[in-house]
Amino acid sequence: MIVVDFIVDLVQMMYLVLFYVGEALFRLVVPAYFRKKSLEGELVLITGAGSGIGRLQAIRFAAAGCNLVLWDINIQGIEETAQLVRRTGQKAWYYVCDVSKREQVYEAAKKVKQEAGEVTILVNNAGIIAGKKFMDLSDEAIVKTVEVNSLAHAWTLKAFLGDMMKNNHGHVVTIASIMGELSAAGMPEYCMSKFAAVGLHESLVREMRAAGKDGIHFTLVNPYMISTGMFEGTKIRYDMIVPTLEPDYVAAKVVEAVQTETALVRTPALLHFLILLKDILPQKALFSMEDFFETSKAMDTFVGRKQ
């Protein structure tokens, strides 16, 4: 009987695998325009919304009919973002919040629920990088990067995921990095924090599925470097093969992913192939590829965003 059950379950599993692979291939050939759902009336909270892709996402979500809640440590930045959102005709609330501070996150979340309502789309976007080799990093820099890039996600999710579960409605977006799946010299604390963010995201996807919360969707965004200034000065050899991304392009991809309920965004598409190579090639072969691009020297000229 156990053998029969095993065969039945195996056949069923293989059928579902093939079915979902076919579904994914079908989605690839159908233009995103025909797969987009309406986001009209959704309340979107974006961390790190005072500049960069946080601001650009806010404007694009507003254009899609969403109201916005904007968090940042830069009061001038989020005020400007709020003005840009309101010009589209949508509502915007903004709060100064250091997402690395758990108490500030919970206090700001309480105000959001009282003043703006229940958040239905959470975009964990805030991020920082120290840009130093491991032995040159201060303990404080390591802790701060992990607090902002990954621990903060835990606090915002604790604050807002409960309402999504209660209503079985919502969307969580994790703006991570391809450095959450690959690694490079000169950014050890950044890679550590992004791997952690990816791990938390993927675990929660499975928790919500096990809980039957099929109305809560998740999107993991793992882009290459974006020209927001965060990685200013960083450069690989032959960067025409993997060029630095434009911020508005990435912001557009994020909003489109929410509209089409896309689970994973890696951009540029070449990253899918690099991840595959990472999993099947021996380490020395990978090192040879890294030497070709001189990735070990990429952070030597790092400047970062000017404060």
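Numbering starts at 1 and runs along the sequence shown.
Remark: side-chain polar atoms of Asn124 are not paired, donor with acceptor, to backbone N or O of Thr47 under 3.5 angstrom. No donor-acceptor distance shorter than 3.5 angstrom exists from the side chain of Ser203 to the backbone of Leu200, with no hydrogens or angles considered. Put simply, the side chain of Arg86 never gets that close to the backbone of Lys91: no donor and acceptor are under 3.5 Å apart. Checked by atom type and distance alone, the side chain of Gln57 never pairs as donor or acceptor with a backbone atom of Ala251 at under 3.5 Å. Thr219 contributes a side-chain N or O that, together with a main-chain N or O of Thr262, makes up a donor-acceptor pair within less than 3.5 Å.
Using bins of under 30°, 30° to 60° and over 60° for the plane-to-plane angle, the ring pair His217/His171 lands in the tilted bin. Using cut-offs of 30° and 60° on the angle between ring planes, the pair Phe160 and Trp71 is tilted.
Cluster membership check: Val250 shares its hydrophobic cluster with Leu270, using side-chain heavy-atom separations under 4.5 Å among Ile, Leu, Val, Met, Phe, Trp and Tyr.
Within 6.0 Å of NZ in Lys36 there are more than 12 heavy atoms belonging to other residues, nucleotides or ligands. For Phe292, the CZ atom counts as densely surrounded, since its 6.0 Å shell holds more than 12 non-hydrogen atoms of other residues, nucleotides or ligands. The local environment of NZ in Lys132 is sparse, with at most 12 non-hydrogen atoms from other residues, nucleotides or ligands closer than 6.0 Å.
Partners of Phe61 under the ring-ring contact (aromatic ring centres under 6.0 Å, His included) rule, at least two apart in sequence or in another chain, do not exist in this structure.
Atoms CG and NZ, from Leu276 and Lys278 in turn, are 12.0 Å apart once rounded to the nearest 0.5 Å.
Between Phe273 and the options Ile275, Leu271, Leu277, a side chain to side chain contact (heavy atoms under 4.5 Å, CB included) holds for only Leu277. Checked options Thr81, Asn125, Ile78; the residue passing with Asp72 is Ile78 (criterion: side chain to side chain contact (heavy atoms under 4.5 Å, CB included)).
Contact check on Glu181 versus Arg266 returns a salt bridge, with a Lys/Arg side-chain nitrogen under 4.0 Å from an Asp/Glu carboxylate oxygen. Salt-bridge annotation for Glu189 and Lys144: absent, with no side-chain N of the basic residue lying under 4.0 Å from a carboxylate O of the acidic one.
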- Give the C-alpha distance, both sets of side-chain angles, the deciding distance and a yes or no for side chain to side chain contact (heavy atoms under 4.5 Å, CB included) between Asp239 and Thr244. CA-CA 8 Å; Asp239 58 0; Thr244 301; 5.9 Å; no

- Could you please spell out the steps behind the salt bridge (charged side-chain N to carboxylate O under 4.0 Å, His left out) verdict for Lys133 and Asp300? CA-CA 9 Å; Lys133 291 181 170 60; Asp300 290 352; 3.2 Å; yes

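For Glu79 and Gln83, the side-chain atoms include no donor-acceptor pair closer than 3.5 Å. For the residue pair His169 / Glu118, no side-chain donor-acceptor distance below 3.5 Å is found, with atom types taken as modelled.
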